[in-house]
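Each residue takes its place number in the sequence, starting with 1. Heavy-atom basis, side chains included; hydrogens, waters and symmetry copies ignored.
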Amino acid sequence: RVADLTLPEFRRIILTSLLFVMVLSLFVWMVRVVVIAAILAVIVAVYVRPLYLWFLIRLKRRVASALLTILIVIVPVLAAIAYSYAELSSAAEYIADHEAEIVARIDAAIRRVPFLRGETFTEQIRAAVSSTSLYGARIVDELQEAIVEVSVSSAIFLFTLGYMLTDSETVSAYIRGKVPARYSELATALERNVEGVLYGAIFATLVTQAIKSLVILGMNIVFDVPLA
């Protein structure tokens, strides 16, 4: 009991507990990227599990079904990153090579505005274009550094995602085994209701955002707008 502790013992316990919390907090902060990747993988595994089960019914192989599911999730993301990198690199190079021409065109367009005739903003425009050029180049460099930095977290994400897809029954059985028997019916009902709400909300969001993305993509292609 706390009342039976002497003051030095109580101080020792408090100090030890504080040190433990500090060390644990620092450790979690150091590995926060890996932890976030693992949590994200668990969330993604929950929402792509119907697709995994669809493949599993037809292929009868867990590993192959998990690989196909992961590819369907990862390939569009990698394609979008590669396309964005190419567009940003192209735009940054174009701005750097045609800075004077861009400044002249913007300045000429501003001079045609009725309330700004006779005014000159060449220096301000040149500074803005130069800042944009440097920002574009900096984005490309930062993207390259980010790709290197997230390599470890990406490996953790893929490993956790594959494990959660292939061995989700084992994980679920372990979690259910920790729930007291008197709460089993409540846990089952809660799981079913929460699953329905989450799947409905996420799938509705995916459908609406997919339609919106297709509309925006079509408009960008029609009007020849860079997609980065």
Side-chain angles (χ1 to χ4, degrees), residues 28-88 142-179 183-221 227-228:
V28 173
W29 176 258
M30 291 173 59
V31 299
R32 65 187 185 281
V33 177
V34 177
V35 173
I36 292 173
I39 295 174
L40 180 61
V42 173
I43 295 173
V44 173
V46 171
Y47 289 116
V48 300
R49 182 165 175 75
L51 180 62
Y52 165 76
L53 294 177
W54 187 84
F55 281 125
L56 183 61
I57 292 174
R58 287 155 179 79
L59 299 179
K60 308 298 183 183
R61 295 181 178 179
R62 291 178 177 270
V63 176
S65 302
L67 288 176
L68 286 175
T69 305
I70 294 174
L71 287 176
I72 290 176
V73 173
I74 297 302
V75 169
V77 176
L78 295 179
I81 293 175
Y83 181 80
S84 299
Y85 177 79
E87 288 289 327
L88 289 172
E142 290 177 355
L143 182 59
Q144 292 176 343
E145 295 177 359
I147 292 175
V148 176
E149 292 177 357
V150 302
S151 58
V152 176
S153 57
S154 299
I156 296 297
F157 172 82
L158 294 176
F159 173 79
T160 306
L161 179 58
Y163 178 78
M164 291 301 299
L165 288 176
T166 55
D167 292 333
S168 59
E169 292 83 3
T170 304
V171 177
S172 299
Y174 174 80
I175 295 175
R176 289 193 181 97
K178 297 300 180 179
V179 178
Y183 298 126
S184 59
E185 294 184 1
L186 178 61
T188 302
L190 182 62
E191 178 183 357
R192 183 171 58 254
N193 293 332
V194 172
E195 181 181 2
V197 172
L198 291 179
Y199 275 125
I202 292 297
F203 289 151
T205 302
L206 289 176
V207 171
T208 56
Q209 294 301 319
I211 295 174
K212 184 189 299 183
S213 300
L214 291 175
V215 172
I216 295 175
L217 176 63
M219 294 177 64
N220 288 336
I221 293 175
L227 302 179

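How far CG of Leu71 is from CG of Leu78: 9.5 Å, rounded to the nearest 0.5 Å. Rounding to the nearest 0.5 angstrom, the gap separating the CG atom in Leu53 from the CG atom in Leu165 is 9.0 Å.
The closest side-chain heavy-atom distance from Val48 to Ile72 is not below 4.5 Å. Considering only heavy atoms from C-beta on, Leu59 comes within 4.5 Å of Leu68 through its side chain. Side-chain contact between Ile74 and Phe157: present, with at least one pair of heavy atoms (C-beta onward) separated by less than 4.5 Å.
Closest non-hydrogen pair, Thr160 versus Ala41, comes out as CB-CB, 3.6 Å. Here the closest non-hydrogen pair linking Thr69 and Phe55 is OG1-CD1, 3.6 Å. Considering every non-hydrogen atom in both Arg62 and Thr166, the closest pair reads NH1-O, 2.8 Å. The two residues Val77 and Val73 have their closest heavy-atom pair at CG2-O, 3.4 Å.
Open room surrounds CZ on Phe159; 12 or fewer heavy atoms of other groups in view lie less than 6.0 Å from it.
Residues forming a side chain to side chain donor-acceptor pair (under 3.5 Å) with Arg61 (at least two apart in sequence, or on another chain): none.
A side chain to side chain contact (heavy atoms under 4.5 Å, CB included) with Leu161 is found for one member of Ile70, Ile43, Val42 and no other, namely Ile70.
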